[in-house]
There are 2 protein chains.
Amino acid sequence: MGKDTRSRIVEAAMELFWLKGYTSTSIADILSRSQVNSGSLYHFFPGKQDVLLAVLEAYRDGIRAMLLEPAWEGVSDPVERVFALLAFYRRAIVETECQYGCPIGSLALELHDADPIVRERLAENFTNWVDAVEECFRAADHRFIEGTDYRGLAELALNVMEGGVMQARTYRDVAHFDRAVGQYRTFVERMMAHEAA
Amino acid sequence: MGKDTRSRIVEAAMELFWLKGYTSTSIADILSRSQVNSGSLYHFFPGKQDVLLAVLEAYRDGIRAMLLEPAWEGVSDPVERVFALLAFYRRAIVETECQYGCPIGSLALELHDADPIVRERLAENFTNWVDAVEECFRAADHRFIEGTDYRGLAELALNVMEGGVMQARTYRDVAHFDRAVGQYRTFVERMMAHEAA
DNA sequence: GTCTATAAAAGGATAGAC
DNA sequence: GTCTATCCTTTTATAGAC
């Protein structure tokens with residue numbers, strides 16, 4: 001049994017927005033990829049932006065199943081989970097021959113006059129990501145030095161990931177991502193300075 | 001005496017690509033902003049992408065005059081120059097009510113299938129930026145601990161800036177940028193750990 | 001809910017006179 | 001080098017039968 005029409009649309013749009021960006025993806029692209037007719041799409045969505053909202057909600061609601069769980073498979077140490085998450089992005093970079101872009105980050109920068117509701121969905125995605133990383137660090141709080149800023153550390157992980165992805169794609173060289181993560185690991189380890197090497 | 005036509009086109013395109021992005025800026029937008037007619041634009045440029053290349057070259061060639069010199073005005077300490085550069089972006093964020101996006105970073109993420117020549121120009125811009133920051137650190141190399149990775153530290157500055165700008169814009173809150181820079185400052189200071197507070 | 005056909009506008013680019 | 005007019009394609013979205 002095939003998936004329902006609405007899901008096919010969201011799935012196709014998710015992939016296309018990721019591959020080509022929002023503006024460069026036409027409704028016709030979405031229709032052809034999802035094998036849906038114009039009338040059906042506009043039956044479910046008032047317009048293109050509403051498809052985008054549905055996509056952002058799918059990312060938001062799927063962060064565990066699509067991102068965290070696969071990234072953390074077999075990794076139980078909470079601090080290593082942070083680096084496993086980053087390694088998951090590395091895998092995506094390598095698998096796409098350095099064309100990978102974080103779908104949320106790319107949309108956040110592409111959409112210059114994003115509707116407040118769109119920005120809100122983008123922000124939710126960032127927040128959930130940072131929350132997950134912060135939780136990891138807090139789960140290991142006994143290993144960090146006094147006064148460690150867990151939120152700041154988690155936000156920095158996001159910046160490192162987004163910046164690393166941006167550079168790896170621009171240079172078509174995953175080494176840029178690796179160096180970013182390397183610097184970040186150094187920093188995190190300094191925050192656990194009392195831990196044995 | 002007015003500027004020549006070609007310059008007006010590049011200037012208008014530079015501003016529009018920054019404000020709206022490449023794909024969302026139409027040739028008509030550029031024509032109307034630069035007060036140039038279609039025929040003139042296509043006299044100087046084969047097509048839209050060539051206007052983009054000229055814009056990226058203008059950023060590249062203008063990094064000192066447009067970015068480094070204003071950012072470093074009155075700042076001579078090389079390490080503080082790095083933070084003055086970041087503070088320059090902060091000013092842009094505040095002045096645009098958190099709508100600022102780094103023009104290079106935004107284009108790097110917006111253009112999914114960028115022509116190699118376009119990517120090359122983007123990469124040049126990143127490289128020059130990172131070079132400038134690395135030079136600052138190296139000019140103060142006696143203050144850093146043995147084995148400090150200056151290139152890595154400079155690349156991290158770029159990631160912090162790009163990530164901080166991305167978050168500040170998405171959340172419409174410069175505090176995200178500030179926290180990113182704060183984390184970065186902590187890291188840099190750890191690399192100068194022997195220096196007196 | 002789905003289908004085809006099509007409207008209405010905007011897009012990049014060109015022609016050819018001046 | 002600049003001007004106006006325009007071609008052709010793509011785009012988002014709608015209409016109305018089934």
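Every chain is numbered from 1 and lettered A, B, ... according to where its sequence line falls, protein lines coming before strand lines. Just so you know, these numbers use all the heavy atoms, side chains as well, and skip hydrogens, waters and symmetry mates.
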- line: note: B/Ile27, atom CD1; D/dT10, atom P; distance rounded to Å ~ 17 Å
message: Output the rounded distance in Å from CD (B/Gln35) to C1' (D/dG1).
response: 17 Å
message: OP1 or OP2 of D/dT10 versus the side-chain N and O atoms of A/Ser26: is any pair under 4.0 Å?
response: no
- prompt: Pairing of DNA chain D as dot-bracket, 5' to 3': ( ) intra-strand, [ ] crossing, | other strand, . unpaired, with Watson-Crick or G-U pairs under 3.5 Å?
  reply: |||||||.||||||||||
query: How close or far is atom P of C/dG1 from atom CZ of A/Arg8, stated in whole angstroms?
result: 13 Å
- prompt: What does A/Ser24 touch in the nucleic acid at a heavy-atom separation under 4.0 angstrom: a base, only the sugar-phosphate, or nothing?
  reply: nothing
message: With heavy-atom distances below 4.5 Å as the criterion, would you say the side chains of B/Leu107 and B/Trp18 are in contact?
response: no
- prompt: Can B/Lys48 be said to sit on top of B/Tyr42's aromatic six-ring, NZ or CZ under 6.0 Å from centre and within 45° of the ring axis?
  reply: no
- request: Mind running ring-ring contact (aromatic ring centres under 6.0 Å, His included) on B/Phe144 and B/Phe137 for me, showing each step along the way?
  value: CA-CA 8 Å; B/Phe144 285 89; B/Phe137 287 135; 5.6 Å; yes
message: At 4.0 Å (heavy atoms only), tell me whether B/Thr25 reaches a base, stays on the sugar-phosphate, or touches nothing.
response: sugar-phosphate
A/Glu97 and A/Arg172 ion-paired at < 4.0 Å: no
- prompt: Between C/dA13 atom P and B/Ile9 atom CD1, what is the distance in whole Å?
  reply: 13 Å
Salt bridge A/Asp113-B/Lys20, side-chain N to carboxylate O under 4.0 Å: no
Over-ring placement of A/Arg169 relative to A/Tyr100, 6.0 Å and 45° cut-offs: no
- request: Run the salt-bridge test on A/Asp131 and A/Arg151 with the 4.0 Å N-O cut-off and return the result as yes or no.
  value: yes
message: Within residues 36-59 of chain B, which residues have any heavy atom lying less than 4.0 Å from an atom of DNA chain C?
response: B/Ser38, B/Tyr42, B/Gly47, B/Lys48
query: Mind checking whether B/Thr5 and B/Ile9 have side chains closer than 4.5 Å, heavy atoms only?
result: yes
